[in-house]
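Structure, as structure tokens:
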Amino acid sequence: MTPTSVRDIRNLSLLGQSGSGKTTLLEKLLVTAGTIGAPGSVEKGDTVSDYDPQEKTLGHSLNSALAHLEWAEHWVNILDTPGLPDFLGRALATLPAVETAVVVINATAGVETVTRKVMEAATGQCRMIVVNRIDAPGVDFAALMERISASFGKECLPINLPTAGGESVIDCFFKPDYDAVPAFSSVRAAHDRIVDQVVEVDEELMALYLEQGESLQPEQLHDPFEQSLREGHLIPVCFTSARSGAGITELLDILGRLLPDPTEGNPPAFLKGEGPAAVSVNCTTDASQHVIAHVFQVSNDPFRGKLGLFRIHQGTVTPNTQLFIGDARKPFKVGHLLRVQGKTQTEIPVGIPGDLCAVARIDDIHRDAVLHDSHDEDHFHLVPPAYPQPVFGLALLPEKHGDEQKLSEALHRLLDEDPCLSVEHNAQAKETVIRGLGEIHLKVVLEQLKTRGNISLSTKPPAIPYRETIAATGEARYRHKKQSGGAGQFGEVALRVEVLERGAGIELTDEVKGGTIPTHFMPAVEKGVRQALAEGVMAGFPLQDIRVVAVDGKHHAVDSNEISFVTAARHAVQEAVLAARPVVLEPLITLTVRIADEHFGGISAELAGRRGHVTGTDSPQPGITEITSQIPMAEMEGFESRLKSISGGDGTCSIAFSHYEAAPAEVQQRLAREHVGKRGGEQ
């Protein structure tokens, strides 16, 4: 029940839009390989990978799940990932653990939003496309293949072809039957195109090919095939029906014979050190070297404890292995090394390079941690995938007094599981805000807080994270002087505020000359400046994209102290900002909506009514329009409900943070009035 050679291992993630049939496909692969006796179904809630009660209730994968099978002396680790846009981050988190991203496409739906995103995210890895549900009525295979090529490049080439009606598939690579009649194209044309593509990366083989013609054998093509996958020069496309089993055996053969083993895939991007000083380091697949492993997923079960799934990149792990977590000085003993099959955990004696294993009940383990058995690998980390930014938010209000600590602990555990969940503590609004990728994402998180943490919560829309900036240069000088008998308070600060480009953040510069502000008081000046920037000036929101330059000041030998310069700097910033034409910035998001053509007008009107600006449209398939727009975050409340109403439940959307820009004058004035009102109420 464990692989013995790294070359026998194949690691892949099943990625793609919800509804493409990834979970059903995994069930059919496991059955065909003899790993399980009968396939489960999403409808019945008895599949290997969807075992969480929430997944069974919703009928969708919410977490990535690991399974494995053996086929023709190959060990295949498969990660079934969520396909809902709201859980895209959990899917992308599996990419560092695998050599190959297998993107599943629903033959009737074509290229969808998540399909595009996972294909783009997996750039740099080996990729393969599986067209599923080929037995669905009315599939136009030629048009679908054209759309795949248009979306992802001419490198997408079929390695087998479906017959009419999708009852079976015809091999176009190993032993092509040139007399067979596929639903589109021809076996000979498909075979020639894929061989031509592969030999392009090997000049010697190309010369041989020109001499031998079609007589090249698959064995001759293996190495250049792997090179083509690594370089993105080839993205093989194969066809299946997970329901009927058409193409499943052929897919298993492709997984074993053509997908890269851990020695053949692109090596992981490990770095040592942080920031600009970080340097690239290489891992080998040598089992005798130091252990280097990467934790790509963590789950917290209230009864079974924390489970960390990790990929062994180098070295050998046994139950007696002592491993450090990141830069920790104290190691933990593995104790129980686990093989995971859905929710089932089995102890194994050894884990070799390339394998996916797990450890349980290690409290300090966390997602994205590097595990290693030598301090030589301290400060190692992997470059993480580019995750979508969580934008949808909810403010959480515990209904029971004293649950604040329980909420904090429960949120900490969820943050470890989900790379696209964020938690903010808005001191100004006195809110704990969770942000995710959509309404479904946040509903699932709320349910987990209730069931796992036994926390009752009420929610409300969070305060919009407006920001302030300036539109000009401003200067101010402020003297803080207070005398109350004995030693008083004295501090004077002169400073200048300047505009920085959007997104630049905050810069603090010291141009004080002649010791007018003694060096030991400059930290107090900086503290006062940062307090003023955090509090805001015009409408009570933090300032950004601003440079503050301290230029002069005065001090008193007896009365000057830290609080005096903190106060003087804070007031000087406020006056300088007011002189520099302050502006309120609002956050804008990029909203992508996918709807049927007949609903285009309704959605366009809805976007316009929310101050949205359409930046582009696309037709990913006949009858479907994809609209990309930029819209203020403040206008997004209730949008998903409106989308469902307008589209009859068929529309989908995804969002990502875009940028900040100046809010309309009426919005700025309203926010400024509200801020003045709040300050008046607090006085």
Side-chain angles (χ1 to χ4, degrees), residues 427-428 463-482 489-518 521-556 560 562-587 659-683:
Q428 290 178 316
I464 300 300
Y466 293 104
R467 295 291 183 264
E468 297 180 23
T469 192
I470 54 175
T473 297
E475 297 182 356
R477 178 183 289 268
Y478 188 89
R479 173 180 291 180
H480 174 71
K481 185 176 182 180
K482 188 176 181 180
Q489 295 181 8
F490 182 90
E492 184 174 318
V493 175
L495 51 78
R496 181 176 68 250
V497 294
E498 301 172 350
V499 183
L500 295 178
E501 64 181 14
R502 192 77 70 239
I506 295 171
E507 289 185 15
L508 305 182
T509 305
D510 176 10
E511 293 183 0
V512 176
K513 294 181 175 62
T516 55
I517 301 178
F521 284 133
M522 289 308 298
V525 172
E526 178 177 342
K527 182 177 179 180
V529 169
R530 291 192 181 277
Q531 283 182 3
L533 296 178
E535 293 167 358
V537 174
M538 179 184 180
F541 299 105
L543 281 136
Q544 66 179 39
D545 308 333
I546 184 172
R547 178 186 290 118
V548 181
V549 185
V551 295
D552 196 14
K554 290 183 179 179
H555 72 284
H556 188 278
S560 287
E562 180 177 321
I563 189 63
S564 301
F565 280 101
V566 169
T567 304
R570 190 171 71 247
H571 284 284
V573 169
Q574 292 169 350
E575 293 183 4
V577 167
L578 289 172
R581 301 196 343 243
V583 177
V584 175
L585 302 174
E586 65 177 355
H659 65 285
Y660 276 92
E661 70 176 34
E666 61 272 18
V667 174
Q668 297 198 46
Q669 293 165 6
R670 173 177 59 81
L671 293 171
R673 287 195 304 270
E674 291 174 356
H675 179 55
V676 171
K678 288 179 182 178
R679 292 178 64 183
E682 292 171 356
Q683 292 174 356

For the residue pair His555 and Phe565, what are the closest heavy atoms and their distance?
CB-CZ, 3.7 Å
Test item: Val549 and Leu495 side chains (from C-beta on) under 4.5 Å apart, heavy atoms
no
Would you compute the distance between atom CD1 of Ile506 and atom CG of Leu533 and round it to the nearest 0.5 angstrom?
5.0 Å
Gly540 and His675: which non-hydrogen atoms are nearest, and at how many Å?
CA-CE1, 3.4 Å
If you define the side chain from C-beta out and look only at heavy atoms, does anything of Met522 sit under 4.5 Å from Asp510?
yes
Only counting residues at least two apart or in another chain, list the ones meeting ring-ring contact (aromatic ring centres under 6.0 Å, His included) with Tyr478.
His571
Contacts of Asp552 meeting salt bridge (Lys or Arg N to Asp or Glu O under 4.0 Å) (sequence neighbours excluded), chain-then-number -> Arg477
Which heavy atom of Gln668 sits nearest a heavy atom of Ala663, and at what distance?
NE2-O, 2.8 Å
Measuring from atom CE of Met538 to atom CD1 of Ile470, what distance do you get when rounded to the nearest 0.5 angstrom?
13.0 Å
Measuring from atom CZ of Arg467 to atom CD of Glu661, what distance do you get when rounded to the nearest 0.5 angstrom?
15.5 Å
How far apart are the closest heavy atoms of Lys481 and Phe490, and which atoms are they?
CG-CD1, 4.1 Å
Kindly write out the residues that satisfy salt bridge (Lys or Arg N to Asp or Glu O under 4.0 Å) with Arg479, not counting sequence neighbours, or none if the list is empty.
Glu492
Among pairs that include at least one residue of residues 497-507, which meet salt bridge (Lys or Arg N to Asp or Glu O under 4.0 Å), considering only residues two or more places apart or in two chains?
Arg496-Glu498, Glu498-Arg547, Arg502-Asp545, Glu507-Arg547
Set of side chain to side chain contact (heavy atoms under 4.5 Å, CB included) partners for Glu526, sequence neighbours left out
Leu508, Arg530
pair Val537-Pro582: side-chain heavy atoms closer than 4.5 Å
no
Does Ile464 reach the side chain of Pro587, with side-chain heavy atoms less than 4.5 Å apart?
yes
With salt bridge (Lys or Arg N to Asp or Glu O under 4.0 Å) as the rule and sequence neighbours excluded, what pairs involving residues 570-581 come up?
none
Using every non-hydrogen atom in the two residues, find where Ser564 and His480 come nearest and quote the distance to one decimal.
CA-CD2, 3.7 Å
Does Arg670 pair with Glu666 as a salt bridge, N-O distance under 4.0 Å?
no
Any non-hydrogen side-chain atom of Val493 less than 4.5 Å from a side-chain atom of Ile517?
yes
Quick check: do Val548 and Thr509 have side-chain heavy atoms less than 4.5 Å from each other?
no
Minimum heavy-atom distance between Ala572 and Ala476, given as atom pair plus value:
O-CB, 3.4 Å
I'd like to check Val525 versus Val512 (side-chain heavy atoms, cut-off strictly below 4.5 Å). Are they in contact?
no
Rounded to the nearest 0.5 Å, how far apart are OH of Tyr466 and CG of Leu585?
11.5 Å
